[in-house]
Amino acid sequence: MPELPEVETVMRGLAARLQGRRIVRATMNRADLRWPVPPGLAATLTGACVTSFARRGKYILMRLASGDSLLLHLGMSGRMVITPPGPALPALHEHFVLQTDDDWRIALIDPRRFGSLDMLPTSEEASHPLLASLGPEPLGPDFTAAKLSAALAGRRTPIKAALLDQRVVAGLGNIYVCEALFRARLSPRRLAATVAGARAARLVPAIVATLTEAIAAGGSSLRDYVQPSGELGYFQHAWKVYGRAGIDCEHCPGAPACAGISRIVQSGRSSFFCARTQR
DNA sequence: CAAGAATCCTGTCAGC
DNA sequence: TGCTGACAGGATTCTT
């Protein structure tokens, strides 16, 4: 599922193909996504010129010369597929399709329909209900140990749950929270409020490095993620703990006291961690 | 107010 | 082989 690194990669792929181009056709095949897609969305896009792209947390913004912005969230199963000029067979679960003036085709495919689309004035992006309460960008200047500590202060919930809260920091999902906590050697069970001082100072760079490396790798994924460029097959997951229950832990090579990577369930979601080194 | 559960949806996979 | 059920996860909404 797309978390910040995947969304960033998708956005870059979309920008490479769409920026500076005109959209000659927009088609909504299914408007019942996570929320109903505004009826006029396709009409607004038809004939529009794409000026730039931005990302906020897991949301992609496509800005138009008209002063409108398309807001896109991929949910859990959403992916963008780009195909070159030529005959194209509509795929299953292809809910939304753009065609450019140079005849490329950009499709949103989302089997579970947890994704969303909206149209809003570019000038009102910051106050959009889905964006207004997002926390700082983890790769931006506002994501510091001091500010993270402040956001976690008083929170009597596990750090795992707190980091999944998009109001604390925007863009992390289950996989990268597990990875970042492993890197910071913090237990997912640790009370959020106790992540301050040296621990917060350890966690922030761990999150930054985890995300930066994943973006550099081109974004990793679950099972069916496809590059926005259309190319398949670089599913090179480099996860150290996610999905690796029972496997040897990288922190403890040959240590008899390490039982390998453990899996527990928190808030109904899997957490993977090394019980020996993550405290 | 905060924390956790339930919810939406469908493809995938384990087990019988 | 085919069916059934559990599971996956983002983010809102509901419940406690």
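All values derive from a computational prediction rather than experimental measurement. Letters go in sequence order (proteins before strands), and every chain restarts at 1.
For the pair A:Arg63 and A:Ser69, the tightest heavy-atom approach, listed with the atom from each and the gap, is CG-OG, 3.4 Å.
The side chain of A:His93 contributes no N or O atom lying less than 4.0 Å from OP1 or OP2 of B:dC9. Between A:Thr157 and B:dG4 there is a side-chain N or O to OP1 or OP2 distance below 4.0 Å. Checking the phosphate oxygens (OP1, OP2) of C:dA8, a side-chain nitrogen or oxygen of A:Ser270 falls inside 4.0 Å.
Residue contacts shown for A:Leu130 are limited to sugar-phosphate atoms, with no base heavy atom under 4.0 Å away. Using a 4.0 Å heavy-atom criterion, one finds that A:Arg155 contacts the sugar-phosphate atoms exclusively. Counting any heavy atom pair closer than 4.0 Å across all strands shown, A:Arg113 reaches sugar-phosphate atoms only and no base atom. Residue-level contact check: A:Arg263 touches the backbone only, with heavy atoms under 4.0 Å from sugar-phosphate atoms and none from bases.
In the interface, the side chain of A:Arg269 is paired with the base of C:dG10 through a donor and an acceptor atom under 3.5 Å apart.
Rounded to an integer number of Å, the gap from NZ of A:Lys58 to P of C:dT12 is 10 Å. Residue A:Arg189 contributes atom CZ, which lies 14 Å from atom P of B:dG4 at whole-angstrom precision. Counting to the nearest Å, the C1' atom of B:dA3 and the CG atom of A:Leu152 are 15 Å from each other. The CZ atom of A:Arg112 sits 11 Å away from the C1' atom of C:dG10 (whole-angstrom rounding). The nearest whole Å value for the distance from the CG atom in A:Leu131 to the C1' atom in C:dG10 is 15 Å. Protein atom CG of A:Leu33 is 18 Å distant from nucleotide atom P of C:dG10, rounded to whole Å. Across the protein-nucleic acid pair, A:Asp165 atom CG and C:dA11 atom P stand 10 Å apart, rounded to whole Å. When rounded to the nearest whole Å, the span between CG of A:Leu134 and P of C:dT12 equals 8 Å.
The nucleotide whose nearest atom lies closest to any side-chain atom of A:Leu92 is, among B:dG4, C:dG10, B:dG11, B:dG11.
Ring-to-base geometry does not place A:Phe114 in a stacked arrangement with C:dA11 (centre distance under 5.5 Å, plane angle under 30° required).
No hydrogens or angles considered: a donor-acceptor pair under 3.5 Å links the side chains of A:Gln266 and A:Ser271. At a cut-off of 3.5 Å, with distance as the only test, a side-chain donor of A:Ser270 or A:Arg263 sits close to an acceptor on the other residue. When only modelled atom types and interatomic distance are considered, A:Asp110 and A:Ser77 share a side-chain donor-acceptor pair under 3.5 Å.
Classification of A:Arg244 and A:Glu250 as a salt-bridged pair fails, no side-chain N sitting under 4.0 Å from a carboxylate O.
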